[in-house]
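Below: one structure, written as structure tokens.
When reading the values below, keep in mind they use all heavy atoms of this one structure, side chains included, and skip hydrogens, waters and symmetry mates. Protein chains get the first letters and strands the later ones, always in sequence-line order, with residue 1 at the start of each.
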Protein chains: 2
Amino acid sequence: MPLTAIRLLDSESAACRTAGGIAMDSRNFILRSLSPAEEALVRPHLEPITLPQKMTVFRPDEDISHAYFIEWGCASLINILPDGDAVEVGTIGNEGMVGIPVLLEADRMPCHCDIQIPGNGWRMRAAALRSAANQSQSLRTKLLRFTQAHFNQVAQSAACNRLHSIEERCARWLLMCRDRVGDEFPLTQEYLAVMLGVRRAGVTVTARLLQGAGLIAYTRGNIRILDPAGLEEVACDCYRITRDEFRRLIPGGDSYPLVDSKPRSPG
Amino acid sequence: MPLTAIRLLDSESAACRTAGGIAMDSRNFILRSLSPAEEALVRPHLEPITLPQKMTVFRPDEDISHAYFIEWGCASLINILPDGDAVEVGTIGNEGMVGIPVLLEADRMPCHCDIQIPGNGWRMRAAALRSAANQSQSLRTKLLRFTQAHFNQVAQSAACNRLHSIEERCARWLLMCRDRVGDEFPLTQEYLAVMLGVRRAGVTVTARLLQGAGLIAYTRGNIRILDPAGLEEVACDCYRITRDEFRRLIPGGDSYPLVDSKPRSPG
DNA sequence: CCCCCTATGGCTGATACCGTACAGACCTGG
DNA sequence: CCAGGTCTGTACGGTATCAGCCATAGGGGG
């Protein structure tokens, strides 16, 4: 079976899970942490959604219509400068919520956000999220603490982008993806180059190095992590620093990352 | 008179202003925007404070005791990595509040924060700030919108640090300081090098270039902006993008930056 | 089976910035 | 007036990464 066949949990099967309750079996750290009272505020507004690769979640300076709670996959906050150059400034997967500007009453922000690793999740209208956050202080606290965790990640990236080599940053970035979606995921070097803010050719050299060292294996558009511990040695400390603060700040963070196996489409 | 004589508004004269009401005459955009009800929540807890250069505001992974509302001067969020390298990831002056982790219920964060340009302001105990923010939704909104503005700034820095030259970033950074404290401020090249995450020698070369072009003038430990418009042409778009979002998000942002003259110590 | 598109691999020379080092210039205190 | 610290100016070789370019290879559609 080609690797690309391992893809999405479709929205139908995601919707099925609703019957069993969200809090119990969601991979999303915010949803799984909800108390019954919080769940009553949130759940009626959740709509299951598939997240195909390259889907635009929101655009710079456009009102954000929904916040997203990702189950599988990974969204990327990308800063695209007027001259066309781009870099990723932050990544969000199942550990939190996409759409922080909604929570912070700002409605929009100057970054582009798209789906970098396909998956699925839930979305909730911006107004509903704001209303829920204003009604429950405990829910608000969870969302705000995640916001701080994400802020830390972006702040770490600002330093990392300045001070660390492509190799260090590449290893860090692959580990961050692994924590969210497991050992294997679809990803081209072209895309990875945008994430790291470097030329595609630079990624090729680095990827070959990592593969040569037995840390990863890749084919066209797919990457598999072979040796996470080895990769962590190559990565800069930024990986560990960010992850540890996530663990401290997100609800139930002591079990981050989740190690359950990736769901597959039926058949 | 040596430039270094132009320094602080001492806490005594800051305290005097209290008599006239904070909202009326504060340079701080959050304080000056407070409604009477909000002011009643905040003002009793404010304590005037001078902010000497290099003062530590908070340390990595240490509980933050106070939030700060700066009137003059400028604080810097610095990421110091385990290997000793450092870069600034964000700057806060009179446009907002220092101590976002308090508001976001996270208590602390992995960055170092210190005073980069001396000045003065007010501080408020962390618990008092949290309590005020939880009691008033409108106050909370103001603080959260500032948080988004600062988040944008850090996200912009992440991209800027990766993609722009020392010269562009240096010009950007000087303009950001100017918006907060006026055309002249104490600052060594050594410090500026940390801010930009480059060698001190690299700053010297850049500073000479900018001075040669008539954009700035500097002596030991002091910088004066001569031609802001010219500097803006040298700076990358990151300056404008961040500033414009600040204007949109902070209360009364249409009058940012304030252009009133810098107060001087009596005599 | 062939074609074409996408993805990866590998050149070449250019350059921005680094690490290190040292010298001069200014300021302050004894 | 000297001593010592701090700040700035400058040089040198080294290197990570860039910009541009072309070659190869896999894989799906006709």
Side-chain angles (χ1 to χ4, degrees), chain A residues 1-7 53-54 81 83-87 116 159-171 173-174 185-212 216-224 234 236, chain B residues 1-7 53-54 81 83-87 116 159-171 173-174 185-212 216-224 234 236:
Chain A
M1 179 173 59
L3 298 176
T4 46
I6 306 173
R7 275 288 164 90
Q53 201 160 25
K54 298 190 184 180
L81 298 160
D83 59 17
D85 280 342
V87 207
Q116 154 205 124
C160 191
N161 283 345
R162 181 72 203 85
L163 298 171
H164 296 144
S165 68
I166 295 184
E167 194 175 353
E168 290 171 300
R169 290 187 292 127
C170 184
W173 197 90
L174 293 174
F185 41 90
L187 186 71
T188 65
Q189 296 186 359
E190 183 79 43
Y191 211 96
L192 185 45
V194 173
M195 299 298 104
L196 302 177
V198 299
R199 291 170 317 135
R200 199 266 314 150
V203 172
T204 300
V205 173
T206 305
R208 298 219 75 210
L209 271 172
L210 297 177
Q211 181 163 253
I216 65 172
Y218 61 94
T219 59
R220 292 167 66 85
N222 264 277
I223 296 198
R224 181 154 32 153
V234 173
C236 47
Chain B
M1 178 173 62
L3 298 175
T4 46
I6 306 173
R7 275 288 163 88
Q53 201 160 26
K54 298 190 183 181
L81 298 160
D83 58 18
D85 280 341
V87 208
Q116 154 205 126
C160 190
N161 283 345
R162 181 73 204 84
L163 298 172
H164 296 144
S165 68
I166 295 185
E167 196 175 350
E168 290 172 301
R169 290 187 292 126
C170 185
W173 198 89
L174 292 173
F185 41 89
L187 187 71
T188 65
Q189 296 186 358
E190 182 80 44
Y191 210 97
L192 185 45
V194 172
M195 300 299 103
L196 302 177
V198 299
R199 290 170 319 138
R200 200 265 316 151
V203 171
T204 301
V205 173
T206 305
R208 298 216 77 210
L209 272 172
L210 296 177
Q211 181 162 253
I216 64 172
Y218 60 94
T219 60
R220 290 168 66 86
N222 264 277
I223 295 197
R224 181 154 33 151
V234 173
C236 46

If only side-chain N and O atoms of R208(A) are considered, is one of them under 4.0 Å from the OP1 or OP2 phosphate oxygen of dG10(C)? yes
- Query: Side chains of E167(B) and T206(B): is there a donor and an acceptor less than 3.5 Å apart?
  - Reply: no
To the nearest angstrom, the CG-P distance between L163(A) and dA16(C) comes to 20 Å
Between the CD1 atom in I166(A) and the CG atom in L209(A), the distance rounded to the nearest 0.5 Å is 10.5 Å
To the nearest angstrom, the CG-C1' distance between N161(B) and dC17(C) comes to 14 Å
| Check: dA19(D) base within 3.5 Å donor-acceptor of R199(A) side chain | yes
- Are side-chain N/O atoms of S165(B) and R169(B) paired as donor and acceptor at under 3.5 Å? no
Here the distance between atom P of dT17(D) and atom CD1 of I166(A), to the nearest Å, is 4 Å
Comparing nearest nucleotides in DNA chain D, the 5'-proximal residue of the pair A201(A), E167(A) is E167(A)
Indicate yes or no for a side-chain donor-acceptor contact from Q53(B) to the backbone of Q116(B) under 3.5 Å, with no hydrogens or angles considered.
yes
Short side-chain N/O contact to dC18(C) OP1/OP2 from R162(A), under 4.0 Å
yes
D83(A) CG to dA19(D) C1', in whole Å, measures 14 Å
ask   = Hey, does T204(B) reach any base, or is it just sugar-phosphate, or nothing, if we go heavy atoms under 4.0 Å?
value = base
Considering just the side-chain nitrogens and oxygens of Y218(B), establish if one lies under 4.0 Å of OP1 or OP2 belonging to dC26(C). no
Between Q189(A) and R169(B), whichever has its closest DNA chain C nucleotide further toward 5' is Q189(A)
**Prompt:** What does V203(A) touch in the nucleic acid at a heavy-atom separation under 4.0 angstrom: a base, only the sugar-phosphate, or nothing?
**Reply:** nothing
inquiry  = Between dT6(D) and R220(B), counting only base atoms on the nucleotide and side-chain atoms on the residue, is there a donor-acceptor pair under 3.5 Å?
reply    = yes
Between CZ of R200(A) and C1' of dG10(C) the distance, given in whole Å, is 10 Å
* Asked: When we call it a touch if two heavy atoms are under 4.0 Å apart, what does V205(A) touch: a base, just sugar-phosphate, or nothing?
  -> nothing
Rounded to whole Å, the CG-C1' distance (L209(B) to dT10(D)) equals 14 Å
D85(B) atom CG is separated from dC17(C) atom P, nearest whole Å, by 16 Å
In whole angstroms, the gap separating C1' of dT17(D) from NE2 of H164(B) amounts to 16 Å
Practice prompt. Answer whether the closest heavy-atom distance between the side chains of N161(A) and V87(A) falls below 4.5 Å.
Written response: yes
